Amino acid sequence: MSTPVRNTIKTGRPTVGPRLWAPLAGLVAGAAGIAAGELTAGLLSPLVSPVTALGGAVIDAVPPGVKDLAVQLFGTADKVVLVASIVLVAGFLAALAGILERRRPGLGLALAGLAGAAGLTAVVTRAQTSPQAALAPIVAAAITMLLLRMLVQRLNTWVPRRTVITAPEHEGGQAPLARRSFLNAMTGTALAAVVGGTVTAIFTRASAVAAGFRSSLKLPAPATPPQTVPAGASLSLPGISALVTPNSDFYRIDTALTVPAIDPPAWKLKVTGMVEREVELDFAALLAKPMTERHITIACVSNNVGGDLIGNALWLGWPVRELLAMAGPKAGADMVLSTSNDGWTASTPLEALTDDRDALLVVGMNGEPLPLEHGFPVRMIVPGLYGFVSATKWLTELKVTRFADDTGYWTTRGWSDHGPIKTQSRIDVPRNGRTVQAGKVQFGGVAWAQHRGVERVEVRVNRGPWQKAQLASAISTDTWYQWQIGIDLTAGDYEVQVRATDSSGQPQTEDKAPVAPDGATGYHTISVKVA
Ligand SMILES: Nc1nc2c(c(=O)[nH]1)N[C@H]1C(S)=C(S)[C@@H](COP(=O)(O)O)O[C@H]1N2
Ligand SMILES: [Mo]
C-alpha cells in the first residue's frame, strides 16, 4: 500500500524539473547556436548576419502601413524594437524546440532546422551578399541542433521520459551523476553562448559604427574633368564581363580574418621614412583635396589564366604623388611600404607613385564610399601593378624607403617584390565546355595590359592561324578592353585560344607559368562542342 504513495512523491519532484529544464535546454542551445552563426557572419563580412538579414526580410515583407505605424510608435528605436522582437521570437522557438525534443526526439531538431532554413532564405535573398553568406545560418542551425540533442539526451538520462522512477534507482543509482552531467553541459553551453555573443557584439558594434559613418558619408565631387567612356567601349555580347564591375561582384582578396572597422574621424595617414618632413593627413583633410575619378582595372597576382580575380571600377581619390610631394622623398629612396590598419604591407616602386599615372588615395568606388571589404575609409590603387604590391586597403601609413631595406607582406612568403601586371586575355563567351550551335559562333571576352594598353586581340581554333578579333574602344590604357569575334564552325569538338598584344607590339607569352612568384602566363584555352 505504501509503495505507490512513495513513488508518487519521489517521481513528483523531479518531474517538475524537466518541465522547466527542457525549454531552458532549448534556450541555451539556441543562444549558443545563434552566437556561433553571428560569429561566423562577423568573420565573413558584416553584411551577412542572419539576425540582421531576418530583420531586413521582415522590414521588406511588412506592408507600408505597418512600417509607418512602427516608426510612429517607436521612432528611431524601430530597429532596436525589430531586433528585440526577433530575439524574443527566436527565444520562444528555442524553448519550444527544447520541449518538443524532450517529448519526441527529432521534433525539436526539426524546428531548429526550420528556423535555420528561414535564416538561410533571408540571407541568400538579401541583395549584395556573397555565396559564403549562406554559411552563417547553416552554422547557427547545425550548432543549435547538436547542442539541443546533447542536452536533451543528458536530461533524459537524468530524468527518463515517461518512465516511473523508482526510489532506489533515483537515489542510490546513477541519478546524481546524470544530473551533474546535464547541469555541467547546460553551464558549458550557456558560457559558450555568452562568450560567443560578447565577441560577436564587439565586432559587429565596431563594424556597425564604421558602416554608419560610411552610409552617411557624402563624397566630394571630382575636381578634375570626368573621364569619358567611349560609346564603343561596351560590346553587346550576352555573357561578356561588364565593362565596369559592380561593387557587389568585385573580387575580394585579403588576409583579414575580420573586416577592419575604422571610424573616419579616428583615421590618420602618416608619411614617414626617407622624407624631408613627415606628414600626417586626417580624413577631413583628405576629403578637402582636389579629387580625381578614374576607371582602373586591378588584378590579383593569384589570378590563374582564365580566372576571375580581376575587376574594373571607377575610383575616386587624391593622387598619391601630391601627398608624397608634400613630404619630399629623399634621394636614394626607391620604394614606398604602405601599411594597413591590420598590419599588412605592400612594397610599391616610388616611381609608380610619383610619375604621372593615376595612383590614388581612394575614398570612392563606383560612385559609393569605399565598401568596408574594399578598404574603407581609404585604400591605395595604382594602375599597372598587381594588388599585392600596391592596393593596400584600410591604409594607415606610407613609409618612403628602399627595396634593399624593407619588404612587403607577401614578398617574405615566396612572392616577388615587384609586381607589374602581365598582359593577359580571357574568353568569357562561350564558357569552357559548352555546346553551341553550328554556324557563326560568337566568341568574346576581356584583355588587359594595364598602363601599356592593348593593341590587338587574336583568337585561334585548333591551333590554326590567329584571327584578329574586334577590339572595343578603350576607356584608358589602365582598364581592360572587351573583344569579340564571330567564327564559322561546323559540328565537332574545338579548342579555342586567345592572346593579346600590348601597345609596344609585345604579344603575351604562350609559356605557362604558375601564379607564384609574379603572375600566371599562358593562353586561356577553352573547349567547345559545336552541334
Ligand atoms: N590590408 C590589406 N590590403 C590588401 C590586401 C590584404 O591582404 N590586406 N590584399 C591585396 C591584394 S593581394 C589584392 S589582389 C587586392 C584586392 O583588392 P579587393 O579585395 O578590393 O579586390 O587588395 C590588396 N590589398
Ligand atoms: Mo592579390
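Indexing begins at 1, ligand by ligand and atom by atom, following the structure's order. Nothing here was measured: the structure is a model prediction, and the numbers come from that model. The residues of the chain are indexed from 1 along the displayed sequence.
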For [X], counting its heavy atoms only, list the atoms of ligand 1 lying under 4.0 Å from any of them.
X	answer
Arg252	19 (O)
Ser340	1 (N)
Phe250	21 (O)

Matching residue for Thr40 among Ile143, Ile138, Leu135 - test: side-chain contact (heavy atoms from CB on, under 4.5 Å):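 Result: among Ile143, Ile138, Leu135, Leu135 is the only option passing the side-chain contact (heavy atoms from CB on, under 4.5 Å) with Thr40.
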
Please list the nearest protein heavy atom to [atom] with its residue and the distance rounded to 0.1 Å.
atom	answer
atom 3 (N) of ligand 1	Lys393 N, 3.0 Å
atom 13 (C) of ligand 1	Gly387 CA, 3.8 Å
atom 21 (O) of ligand 1	Tyr251 O, 2.7 Å
atom 23 (C) of ligand 1	Ala391 O, 3.5 Å
atom 16 (C) of ligand 1	Ile253 O, 3.6 Å

Counting only heavy atoms closer than 4.0 Å, does ligand 1 sit against the backbone of [X], its side chain, both, or neither?
X	value
Trp344	side chain
Asp342	side chain
Tyr386	neither
Cys300	both
Tyr409	neither

- request: Compute whether any side-chain donor of one residue and acceptor of the other, for Gln508 and Ser425, lie under 3.5 angstrom apart.
  value: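 There is such a pair (donor and acceptor under 3.5 Å, judged by atom type) between the side chains of Gln508 and Ser425.
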
query: Is a side-chain donor-acceptor pair under 3.5 Å present for Glu397 with Thr272?
result: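 Per modelled atom types, Thr272 and Glu397 side chains form a pair under 3.5 Å.
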
query: When rounded to the nearest 0.5 angstrom, what distance separates CZ in Arg460 from OG1 in Thr525?
result: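 With rounding to 0.5 Å, CZ (Arg460) is 8.0 Å from OG1 (Thr525).
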
N-O pairing of [X] and [Y] below 4.0 Å:
X	Y	value
Glu495	Arg463	yes
Arg214	Glu368	yes
Arg499	Glu458	yes
Asp478	Arg357	no
Asp334	Arg402	no

field: Proximity winner for atom 15 (C) of ligand 1, if only heavy atoms of His374, Met365, Glu373, Arg379 are counted
entry: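 Residue with the shortest heavy-atom distance to the ligand atom: Arg379.
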
